[in-house]
2 protein chains.
Amino acid sequence: MKFSQATDNALHVMLYLVMEAPDKPVSVQVLAEKLSVSQTYLSKMLTKLVKAGLIHSVSGANGGYRLKRNYEEISFLDVIHAIEGTTSLFECSFNHGQQCLIQQVVMDAERQMEQALKNKTIYELAKQMKGV
Amino acid sequence: MKFSQATDNALHVMLYLVMEAPDKPVSVQVLAEKLSVSQTYLSKMLTKLVKAGLIHSVSGANGGYRLKRNYEEISFLDVIHAIEGTTSLFECSFNHGQQCLIQQVVMDAERQMEQALKNKTIYELAKQMKGV
DNA sequence: TTATCATAGATAAGTAAAGTCTACAATCGA
DNA sequence: TCGATTGTAGACTTTACTTATCTATGATAA
Ligand code: SF4
Ligand code: SF4
């Protein structure tokens, strides 16, 4: 029960883009170097962000990954869901009806965490960091 | 990023003990049958609960696993921590100081979830279920 | 003492994440 | 149009973790 390292990388990439290059594409080569991971692995991960609609990809010379116009609204939860998926943390083998109290308790707790992650945007964090 | 099935089983065992046998030992044989899992695997898992101080084990004939005296205070978080460990869900490879804002955001969200799991006791849930 | 029951170690099978390689498609600039 | 650049996708390997089983051992009640 841990966030994958891919999630960690995704958050760092998003933060980097917001802080350093909000409007022009950055190649996976540059990003991979910043994070010290391989290009192919990172590109595979970034494709998930593209599919989730968080960033834009540009092929060809001077291409790379670029933020979308609404990048100021992207939350931590958006990034995490794009990588980890949106299925619940708790899934039992059986399904004893909607009134299962165990599931209710755990899922409610889960929602608390998601709410906190939803309330914090990458943009907000970038501003905080620049403030320092 | 999911709760392990062991956690699921642990919650069910605890709930069963609180509801059906708060004071006498139940053998792993009986418990394994209830959950449809193997005895050896379940016993290994229950040993974690014993080590975490949540339940008591009794060897010998008519032995088994028994709740401790303070069982009414055991929270969901206690059970989950006993099985999954207490390390944070988010661990980056580097450590750029305590003022790392990314970690702060994620860990804060994590604390929200833990708080919710801490506020709910197994005993409370058992009462709710009997009420139905 | 004997039957019952938990514990612990070794180990195997299954599954998901992490990482690599390669061929291909899209785009830009000349 | 052509060639260099850059992302995409599939197959594949490696690694790590979870789940599961077997077996020997230790503790306890009757
Ligand atoms: S009681 Fe709830 S959590 Fe347990 S098996 Fe049934 S549906 Fe799943
Ligand atoms: S910035 Fe924070 S989360 Fe990122 S590597 Fe540094 S310490 Fe870890």
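Every chain is numbered from 1, with letters handed out A, B, ... down the list of sequences.
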In chain order, what residues pass the side chain to side chain contact (heavy atoms under 4.5 Å, CB included) check against [X], with sequence neighbours excluded?
X        : result
A:Tyr41  : A:Ala6, A:Ser38
A:Val18  : A:Leu67, A:Tyr71, A:Ile122, A:Tyr123, A:Ala126
A:Glu124 : A:Lys120, A:Thr121
B:Lys2   : A:Thr87, A:Glu91

So, using side chain to side chain donor-acceptor pair (under 3.5 Å) as the criterion, who are the partners of [X] when residues are at least two apart?
X        : result
A:Thr47  : none
A:His56  : none
B:Gln112 : none
A:Ser75  : A:Asp78

Next on the checklist: Taking the axis from the first five pairs and the axis from the last five, what angle separates them in the helix from C:dT1-D:dA30 to C:dA30-D:dT1, rounded to 10 degrees?
Outcome noted: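 The two end axes of the helix from C:dT1-D:dA30 to C:dA30-D:dT1 meet at 20°.
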
Checklist entry - Base, sugar-phosphate alone, or nothing: which one does B:Lys51 contact when heavy atoms must sit under 4.0 Å apart? => result sugar-phosphate

Atom [atom1] of [X] to atom [atom2] of [N]: distance rounded to whole Å?
X       : N     : atom1 : atom2 : value
A:Met45 : D:dA9 : CE    : P     : 15 Å
A:Gln29 : D:dG7 : CD    : P     : 9 Å
A:Leu49 : D:dG7 : CG    : P     : 14 Å

Next on the checklist: Base contacts versus sugar-phosphate-only contacts with protein, heavy atoms under 4.0 Å: please encode nucleotides 20-30 of chain D as B, S and - from 5' to 3'.
Outcome noted: BBBB--BBBSS

Next on the checklist: Can you give me the first and the last nucleotide of DNA chain C (5' to 3') that has an atom within less than 4.0 angstrom of a non-hydrogen atom in chain A?
Outcome noted: C:dA18 to C:dC28

